[in-house]
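Computed from a predicted model, the values in this text were never measured in an experiment. FYI, side chains are in, hydrogens and waters are out, and symmetry mates aren't considered; it's all heavy atoms of this structure. Note that ligands are numbered from 1 as they come in the structure, with each ligand's atoms numbered from 1 the same way.
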Amino acid sequence: MFRAEFKGTLKGSIRVPSDKSISHRSIMLGSLNKGTVVVRNFLRSEDCLNTLKAFLELGVEIEDRKDVIIIKGKGKHSLKEPFNIIDLGNSGTSIRLISGILSGQPFYSVLTGDQYLRRRPMDRIAIPLKMMGAEIFGREGGKYPPLTILGKRKLKGIDYKSPKASAQVKSAVLLAGLFSDEPVSVTEPAKSRDHTERMLRAFGVDVEIKGLTVCLGKNRNLEKDIEIDVPADISSAAFFLVGAAITPGSEIVLKDVILNPTRTGILDVMKRMKANVKVENIKSVSGEEVGDISVSYSPNLKATEIKGEEIPRLIDEIPIIALLATQAEGETIIKDAQELRVKESDRIKSTVENLRAIGAEVEELPDGMIIRGKTSLRGGMVQSYGDHRIAMTFTIASLISEEVIEIDDVDCIKTSYPRFFEDFKHLLIE
Ligand code: S3P
């Protein structure tokens, strides 16, 4: 049991840890590349280290020099059959994207994860990957890990209409598509994060984007010596952005945060809610826009509605946005977010249940929630369900709760933000 009782104001400036999505992809694409990739500011969290370990087990030469990671890839056909089951811990991005890559390998591999990952649906990637010719087996008729993959050196093409706006599904198909010489395209119902497309292009792969459709072109080989500098993660920044907005006297700057438009939904929502948030010093780093975000205490927050195409642009930030909404005037409505039910936890349930446990007034919807604003939070006992973003949301909530918030497990925070408590204490003036 962890006792969250952080009281004071947030002041000063930090660079939150590097982006999780880009860190995963830097190792994956670097491993399929023929050439040397230098990764700076790699996120050393459990999830990303699990991706790194997986590619070591697949025979890729990766040198961890602590300040940088150096990947000496020998091309997309150079991976070796793993000697053991590959354990991806808590990481949905790792298991789903790696499944795409292993679909194009002519060998046998088995992927598993922790008790939470083994309950997350994999049919969303298995369906298109099987259509491309891979053989994939899993528990309950192929739905859940452990997954067994028998890949093929050459996959069939696909014109996949994804039923979900999911970067993991889109990426799994695009990565498998590298092992096909037939047309490969993915169309999604709304745009999800586009880091895979951007990075494939940086490695020299032909990628064409037409609206919501991404197509692979003729060149599907990665052959570049490049350096990838990973920017700070807006999904990690989100906790302190909201912490500062709801805590009187606060004023902070978060440096070098990724501003890719498929990720900045939280900034649009905060601005709509009349939070004092500003973006400055915008520049381009490794093909991604980054900038410094400053936020100060925002006493006049207003409720908003979050739905539709905005959802994938802030999907991981919804628990912390829900906390922000408890302090806004009016009722905030979040809908079209049914995907939250299959994240690291059922994030609709874990957010609603825990907000209620500390005194907020929240109504659960099948695809979201309605949050009553201007409520004072009492404090109480919450459960993280092994979900890092839930644990961080309720640690931040203690800034404004009257009493302590007890959280059953905060160890899960290591999956994305190992330095979370250090950074929090650094910003906190008691
Ligand atoms: C991610 C995509 C999103 C997001 C996850 C990271 C990625 O998942 O929630 O934290 O790196 O591709 P979905 O693609 O399932 O929406």
Please enumerate all residues that pass side-chain contact (heavy atoms from CB on, under 4.5 Å) together with Thr112, with sequence neighbours excluded.
Ile85, Asp87, Arg118, Pro146
N or O contact, [X] vs ligand 1, cut-off under 3.5 Å:
X      : value
Glu344 : no
Leu97  : no
Ser166 : yes

The option among Arg25, His24, His195 carrying the non-hydrogen atom nearest to atom 12 (O) of ligand 1 is Arg25
Could you name the option among Arg389, Lys343, Glu339, Arg263 that has the heavy atom nearest to atom 3 (C) of ligand 1?
Lys343
Those residues that, when tested against Phe420, pass ring pair (Phe, Tyr, Trp, His ring centres under 6.0 Å) (two or more places apart)
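Partners of Phe420 by the ring pair (Phe, Tyr, Trp, His ring centres under 6.0 Å) criterion, ordered by chain and then number, come out as Phe240, Tyr417, Phe424.
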Could you tell me which atoms of ligand 1, counted from 1 in the order shown, lie closer than 4.0 angstrom to a heavy atom of [X]?
X      : value
Thr93  : 1 (C), 6 (C), 7 (C), 11 (O)
Ile315 : 9 (O)
Asp316 : 4 (C), 5 (C), 9 (O), 10 (O)

Counting only heavy atoms, which portion of Lys164 has something under 4.0 Å from ligand 1: side chain, backbone, both, or neither?
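None of Lys164 does.
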Test of understanding: given a 4.0 Å heavy-atom threshold, classify the contact between Arg193 and ligand 1 as side chain, backbone, both, or neither.
side chain
Could you tell me whether Arg372 atom CZ has more than 12 heavy atoms of other residues or ligands within 6.0 Å of it?
no
Do Ser286 and Glu227 have side-chain N/O donor and acceptor atoms under 3.5 Å apart?
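Judged by distance alone, the side chains do not pair up.
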Under a 3.5 Å threshold, yes or no: a donor from one side chain and an acceptor from the other, between His24 and Thr51?
yes
Can you classify the ring geometry of Phe2 versus Phe421 as parallel (below 30°), tilted (30 to 60°) or perpendicular (above 60°)?
tilted
Should Asp367 and Lys335 count as an ion pair when the cut-off is N to O under 4.0 Å?
no
